[in-house]
Protein chains: 2
Amino acid sequence: MGRKRTKSGKIRLAEVAELAGVSPITASRFFRNPEALSVAKRTRVESAAKELGYVPNLAARALASHRTEVIGVLIPSLTNNVFSDVLRGIYDASEGSRYSIQLSNTRYSILQEEKLLRLFLAQKPAGLIVTGIDQTAESRAMLQAADCPIVQIMEIGPDPVDMMIGFSHYDAARAAVAHLFEQGHRKVGFVGARMDPRVQRRLDGYVSAMKDAALFDQRLVVTTATPTSVTLGGALFTDLLAREPDIDAVFCANDDLALGVLFECRRREIAVPGQIAIVGFNDLEFMASAVPTLTSVRTNRYEMGKTAATMLIDAIEGRRPEQPVLDLGFRVIERQSSSARRSDSRPAVSGAGAANKMIALPSGQD
Amino acid sequence: MGRKRTKSGKIRLAEVAELAGVSPITASRFFRNPEALSVAKRTRVESAAKELGYVPNLAARALASHRTEVIGVLIPSLTNNVFSDVLRGIYDASEGSRYSIQLSNTRYSILQEEKLLRLFLAQKPAGLIVTGIDQTAESRAMLQAADCPIVQIMEIGPDPVDMMIGFSHYDAARAAVAHLFEQGHRKVGFVGARMDPRVQRRLDGYVSAMKDAALFDQRLVVTTATPTSVTLGGALFTDLLAREPDIDAVFCANDDLALGVLFECRRREIAVPGQIAIVGFNDLEFMASAVPTLTSVRTNRYEMGKTAATMLIDAIEGRRPEQPVLDLGFRVIERQSSSARRSDSRPAVSGAGAANKMIALPSGQD
DNA sequence: GTCGCTGCTGGTAGCGCTGTCAACGTTCCT
DNA sequence: AGGAACGTTGACAGCGCTACCAGCAGCGAC
C-alpha cells in the first residue's frame with residue numbers, strides 16, 4: 001500500500017503499436033479516427049491494446065494536441081437541488097463519451113464566475129457550460145473569444161454567446177399567476193429568496209401579470225437576498241401576512257419556500273387552499289406528496305443538463321446543432337394547494353418550447 | 001467568436017525565465033518550491049510571470065512530472081442531498097489549493113465503482129476520495145496498490161485502506177431507537193429505501209436495539225430497493241400500517257422518508273406524536289420547520305467533505321494526519337415528532353466522535 | 001504505359017515542462 | 001589555508017503522444 005508517488009505506469013502507445021506490428025502513429029490514429037485505418041490494422045491494434053490493457057496518457061495527448069478533453073461547467077450552487085438535477089443530466093450525457101466534466105461553483109457571484117472562467121479558459125477546455133445569461137462584460141468578452149463551443153443553460157435570452165438551452169422564467173411566473181387568477185384568486189403575494197437573476201425574472205413575470213390585471217401592489221412582494229430554505233419560506237410568509245393579512249394566494253419563487261409557507265399555514269391553522277392558495281416553482285418531488293399536494297411549475301432540469309451536454313459534445317465534434325437556442329418550456333402542475341375558489345377549472349397551462357416535449361422528470365431517480 | 005480549436009496559447013515558462021533573466025528550470029522551481037530560490041530571483045520570476053500573465057500548462061506539467069493535480073471523488077449519487085452537502089465541503093476545501101476535483105457517480109453500484117476506479121487510477125490522481133467501506137475485492141486491491149493518498153468517507157469501519165472519516169450508522173440508529181424508547185415508545189417500526197450499505201447498517205442498528213429490548217419483530221421492518229423519495233415514505237408507511245396497525249413510532253432511514261410518513265399521517269389523520277412518533281435521519285434543513293417539527297439524527301456532512309479533502313491534500317503534500325481515522329459522530333436532535341409519551345425527558349443523545357465537535361451544519365447556506 | 005488521384009501508412013519533430021545530477025559560489029570548520 | 005558542506009543554479013534529456021508531411025501502393029483515365 002505505497003502511498004507515495006513514483007514513476008509512470010507502464011504500457012505506452014508504442015508498445016501497443018509494436019505488438020500490433022504497426023507504427024505508433026497508426027496506433028494513435030486507431031484511437032482518434034478508427035475509420036482511417038484498414039480493417040486489418042484496425043483489428044490488430046484493437047486486440048493489441050486490449051491484450052496489454054493499454055490506457056492512453058491524457059496529459060501527453062493534451063500536450064501534443066493542444067487540446068483537452070475537459071468540459072468545464074460553471075454553476076452557482078452545489079446545494080440547490082435544482083442544480084443537482086441539471087448536473088446529473090450533464091454527467092449522464094458525458095458518460096461513455098471521451099470527455100470529462102470539470103465542475104466549479106460560482107456561489108452566485110458573477111465576479112467569482114469571471115475568475116473561474118479565466119481559469120478554465122487557460123486550460124483550453126473542449127467545451128463550456130455556463131449558467132444563465134448575466135455574465136460580466138469581461139466574462140462575456142472571454143466567452144466570445146473562446147476557442148470552444150459554449151452552452152448557456154437555465155434560461156433563454158436575446159443574444160446567445162453560442163448555444164443556449166433553458167426556458168423563460170418570466171413567462172413561467174406569468175403562467176403561474178395566470179393559473180391563480182383562473183382559480184379565482186386575486187390578492188396574490190410573492191415570496192422570493194436569494195434573488196439571483198432567474199428569481200428576479202420570476203418576480204418580473206409576477207409583477208407584469210399582476211399589473212396586467214391591475215392587481216399589483218408593492219406590499220404584496222416579500223424578498224430577501226438570504227439563501228433559500230424551508231424555514232425561510234415560513235418567515236417570509238409571516239412577514240407578508242403581517243403586512244397584508246387578507247391575501248388569498250402566494251406564489252413562491254421555489255418549492256422550498258412553498259413548503260415553508262405550507263407549514264406556516266398549518267402552524268397558524270390557515271386552510272390551504274381554502275383561505276390561501278400556494279404555488280411553488282420547479283416541481284420538486286415532494287410537492288406531489290405534501291398535504292395538501294402543492295401546485296408548482298415543472299421545469300425540465302434533468303433534460304436541460306443532458307441536452308446541454310449532448311449539444312456541446314456534438315458541437316465539439318463538429319456536429320453543430322441545427323437550432324442553437326432551445327426552449328425547453330415549463331408546465332404548471334395544478335394540485336390541491338391552488339384548486340378553484342369558484343368552480344371553473346381549466347387544463348394545465350403549458351409554456352413555450354417549440355418542441356415542448358415535457359419529458360417526465362426522473363426526480364429522485366437516483 | 002471563433003468556435004473552432006486552434007494552436008496553443010502563448011507565453012511559456014521559457015519566456016518568463018528569459019524576461020526574469022534566469023534559466024527555465026529556475027523559473028519552474030519558482031512555481032513548485034519558491035523557498036528554494038534566492039529572494040532576488042524569486043521576486044524577478046514572480047514579477048516576470050505577472051507581467052506576461054503566465055499560466056502554467058498543466059498537461060505539460062503532468063507529462064513531465066508523472067503526476068496530476070487531480071483529486072478523484074467517487075460518490076454513489078448526485079441527487080441525494082446528503083452527498084451534495086459532502087460535495088460542497090470537498091469543493092470548498094479544494095478551492096484555493098492547486099488541486100482540482102474530478103467527480104464520478106457510481107450510482108450505488110460497486111461494479112461501476114470498480115470500473116471508475118480503474119479509470120481514475122490510470123490517470124495517476126494526486127489523491128482519491130471514495131464513499132464507504134464496501135468495495136469489491138478487486139477495487140480494494142487497486143486502492144491498496146494505489147500510488148496516492150486515499151480517504152474513505154461517510155462511515156468508519158475496521159480496516160481503512162488509508163484514511164477514513166465518517167461515523168457509525170449502526171450506533172446512530174441505535175441512538176435513535178434508544179431515544180424513542182426513552183420517550184416511552186415500544187412498538188417501533190423501521191422504514192428504509194435504497195438499502196445501500198449505510199442504510200443497511202442503520203437497519204442493523206435498529207434491529208440490535210430492538211432485540212436488546214426484546215421488542216424486535218420482523219413484521220415491523222419495511223424496506224425496498226427503490227430509490228428514496230418523500231412519496232415512497234408515505235407508501236412504505238402505508239404498508240407498515242397495514243401490517244401492524246398498532247405501532248407507536250417509526251424510525252425512518254432518512255429524512256425524505258420521514259417527511260413522507262408525516263404527510264401520510266396527516267392524510268390519515270393520525271396524530272404525531274400523539275399516536276405515532278417519527279424520527280428521521282440526517283437532519284436536513286426542513287426537519288426543523290415541519291409541523292410538527294421532526295426529530296432526526298444530525299450528521300456532519302459538510303464538515304465530513306471539507307475535512308476529508310483537507311486531510312487528503314495535507315497527505316498529498318506530505319503532511320500525514322496524526323490520526324488517520326476520524327469519527328465525526330452524530331447527534332439525535334429531539335423535536336416535537338417524538339416528544340415524550342410519559343414525562344421523563346432527557347438530554348439529547350450524542351454519539352461517538354472522540355472530538356465530537358458538533359459544528360453547526362451550514363445547510364442551505366449556498 | 002504513364003500520369004494523377006485516392007487511401008493508407010510511417011518518419012520526423014516537437015508540445016511545455018520537470019527529474020536528475022553536475023557545477024558553481026559561499027561559508028564554516030579544522 | 002585547505003577542504004567539506006551547504007545553498008543555489010543550470011544543462012540535458014526526455015515524459016507519451018500527435019501534427020505535419022512524405023511516401024507508397026492500387027486504381028482508372030488518357
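Because the structure is predicted, anything quoted here is derived from the model rather than measured. Every chain is numbered from 1 and lettered A, B, ... according to where its sequence line falls, protein lines coming before strand lines.
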Peer 1: Given D:dG10, is OP1 or OP2 found less than 4.0 Å from the side-chain N or O atoms of B:Thr26?
Peer 2: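 For D:dG10, OP1/OP2 do have a side-chain N/O of B:Thr26 under 4.0 Å.
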Peer 1: Phosphate oxygens OP1/OP2 of D:dG10: is one of them under 4.0 Å from a side-chain N or O of B:Ser23?
Peer 2: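 Yes, within the criterion.
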Peer 1: At under 4.0 Å, does any side-chain N or O of B:Ser38 touch on OP1 or OP2 of D:dT9?
Peer 2: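 So the side chain of B:Ser38 is within the cut-off, an N or O lying under 4.0 Å from OP1 or OP2 of D:dT9.
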Peer 1: Would you confirm whether B:Ser94, through its side chain, and B:Ser100, through its main-chain N or O, come within 3.5 Å as a donor-acceptor pair?
Peer 2: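 It does not hold such a pair.
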Peer 1: Using a 4.0 Å heavy-atom cut-off, does B:Ala59 contact any base of the nucleic acid, only the sugar-phosphate backbone, or nothing at all?
Peer 2: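 The answer is nothing, as B:Ala59 stays clear of every strand by at least 4.0 Å.
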Peer 1: If you take all heavy atoms of B:Ser84 and A:Leu78, which pair is closest and at what distance?
Peer 2: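 Heavy atoms only, the tightest pair is CB-O, 3.4 Å.
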Peer 1: Closest approach of B:Asp162 and B:Pro324, non-hydrogen atoms and distance?
Peer 2: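 Shortest heavy-atom separation between B:Asp162 and B:Pro324 comes out as O-CB, 3.9 Å.
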Peer 1: B:Phe30 CZ to D:dT8 C1': how many Å, rounded?
Peer 2: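 Rounded to whole Å, this separation is 16 Å.
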Peer 1: When you measure from the side-chain N and O atoms of A:Tyr54 to the phosphate of D:dC17, is any distance below 4.0 Å, counting only OP1 and OP2?
Peer 2: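 Affirmative; the distance criterion is met.
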Peer 1: Does the base of C:dG19 carry an N or O that pairs as donor and acceptor with the side chain of B:Arg29 under 3.5 Å?
Peer 2: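 No pair found.
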Peer 1: Taking only side-chain N and O atoms of B:Arg67, does any of them lie within less than 4.0 angstrom of OP1 or OP2 on C:dG19?
Peer 2: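 Yes, within the criterion.
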Peer 1: 5'-most contact on DNA chain C: A:Val22 or B:Asn57, nearest heavy atom basis?
Peer 2: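 Counting from the 5' end, the first nearest nucleotide belongs to A:Val22.
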Peer 1: C:dG10, OP1 or OP2 - any side-chain N/O from A:Lys41 closer than 4.0 Å?
Peer 2: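 For A:Lys41, the contact criterion (side-chain N or O under 4.0 Å from OP1 or OP2 of C:dG10) is met.
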Peer 1: For A:Thr131 and A:Pro76, which heavy atoms make the closest approach, and how far apart are they?
Peer 2: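 In terms of heavy atoms, the two residues are closest at OG1-CD, 3.6 Å.
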